[in-house]
Amino acid sequence: MSLLFYRTTQGLSKPAVPNGGKEPRGIRGFTIEGDSTNFTLWKLQGNLGGAANTPDTFRGYLNEGGLYAERIGAHLPGFPDSSWSDGSPLSGGGVSRAGVNFYRTTFDWNVPDGLDMPIRFSITPSSTMSNFRVQIYVNGWQIGKYINNIGPQTLFVLPAGILRRKSVNTLALSLWSLDAVGASIANLEIVSDGIFSTSLALDDYVSPDYTAQQHLRPAPEVVEAM
């Protein structure tokens, strides 16, 4: 018998007293009810290359985890997704059962020189009975995680140093349903905090894309969406 566990790190619990011991989160033990069987071997898969040999030395090894899409670089600009099927993480699409789907799209952010327009990524909460999580990537950078049944964060800042004003931006999402009934996102949009005059020269600071790391990552295979 084989079991697969997928877990994501949300940090440590806050100590009850200052400088007190921190309680780790995650799987702290297990039992198989009705049987005396024990597991004799565990295998662990994290981010590709670990800390020492990550293929993305620019963004760093903490920027990605052990999802297959992350390991092959599907969160990066320039990843070849032409063979992927069309789909949406929104209502009417999403994940049909427990599991993870990965989505990619692009958008333009054409702001004229002399103007600054801070923007944020907004997720509309679904029913708290819907247990799902979303990881958000912009131009290869992981900018946040959304937990629908816990919250409270629904707005995620899109830093100007990551956004591209003069070329296409890549948005990638992992949608993880924790329930057998599946899940979808009620709505998502980009919202502006206003338009301001500025004397700053806001040039695109383009970070390495998929092509620069392709030789360091596994060859991608098309996986049927859930």
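Computed from a predicted structure; not experimentally measured.
Across Leu155 and Ser122, no two heavy atoms sit closer than the pair CD2-CB, 3.5 Å. Nearest heavy-atom pair, Ser192 versus Ile119, reported as atom, atom and distance to 0.1 Å: CA-CG2, 4.1 Å. Of all heavy-atom pairs spanning Val157 and Pro159, the tightest one is O-CD, 3.2 Å.
Side-chain heavy atoms closer than 4.5 Å link hydrophobic residues (I, L, V, M, F, W, Y) into clusters, and following such links, even through other members, never connects Tyr137 to Ile162. Note: the hydrophobic cluster containing Leu48 does not contain Ile72 (ILVMFWY, side chain heavy atoms under 4.5 Å, direct or indirect links). Cluster membership for Leu163 and Leu76, using ILVMFWY side-chain heavy atoms within less than 4.5 angstrom, is not shared.
From Tyr103, atom OH reaches atom CG of Leu171 across 12.5 Å, with rounding to the nearest 0.5 Å. Of the inter-residue distances, the one linking Ile190 atom CD1 with Met117 atom CE reads 9.0 Å to the nearest 0.5 angstrom.
In summary, Asp113 and Lys166 engage in a salt bridge, as defined by a charged side-chain N under 4.0 Å from a carboxylate O. The residues Asp81 and Arg104 are annotated as salt-bridged, a charged nitrogen and a carboxylate oxygen being separated by less than 4.0 angstrom.
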Exercise for review: Would you check, one step at a time, whether the test side-chain contact (heavy atoms from CB on, under 4.5 Å) holds for Leu90 with Ser184?
Suggested key: CA-CA 5 Å; Leu90 303 180; Ser184 61; 6.0 Å; no
Practice item. Evaluate side-chain contact (heavy atoms from CB on, under 4.5 Å) for Thr170 paired with Val138, printing each intermediate quantity in order. Key: CA-CA 6 Å; Thr170 299; Val138 174; over 6 Å; no
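When atom types are taken as modelled, the side chain of Glu64 and the backbone of Asn47 share no donor-acceptor pair closer than 3.5 angstrom. With Arg164 contributing its side chain and Asn139 its backbone, the two residues share no donor-acceptor pair below 3.5 Å.
With sequence neighbours left out, the ring-ring contact (aromatic ring centres under 6.0 Å, His included) criterion links Trp84 to Phe79.
Ring orientation note: the planes of Trp141 and Phe58 are nearly perpendicular, at an angle over 60° on the 30°/60° scale. Taking the six-membered ring where the residue is Trp, Tyr146 and Phe132 present tilted rings, their angle falling between 30° and 60°.
With no hydrogens or angles considered, no side-chain donor-acceptor pair links Gln142 and His75 at under 3.5 Å.
Within a 6.0 Å radius of OH in Tyr68, more than 12 heavy atoms belonging to other residues, nucleotides or ligands are found.
When each of Asn63, Thr57, Asp56 is paired with Arg59, the side chain to side chain donor-acceptor pair (under 3.5 Å) condition holds for Asp56 and for no other.
Here Tyr61 is tied into one hydrophobic group with Leu62, each link being a pair of ILVMFWY side chains closer than 4.5 Å.
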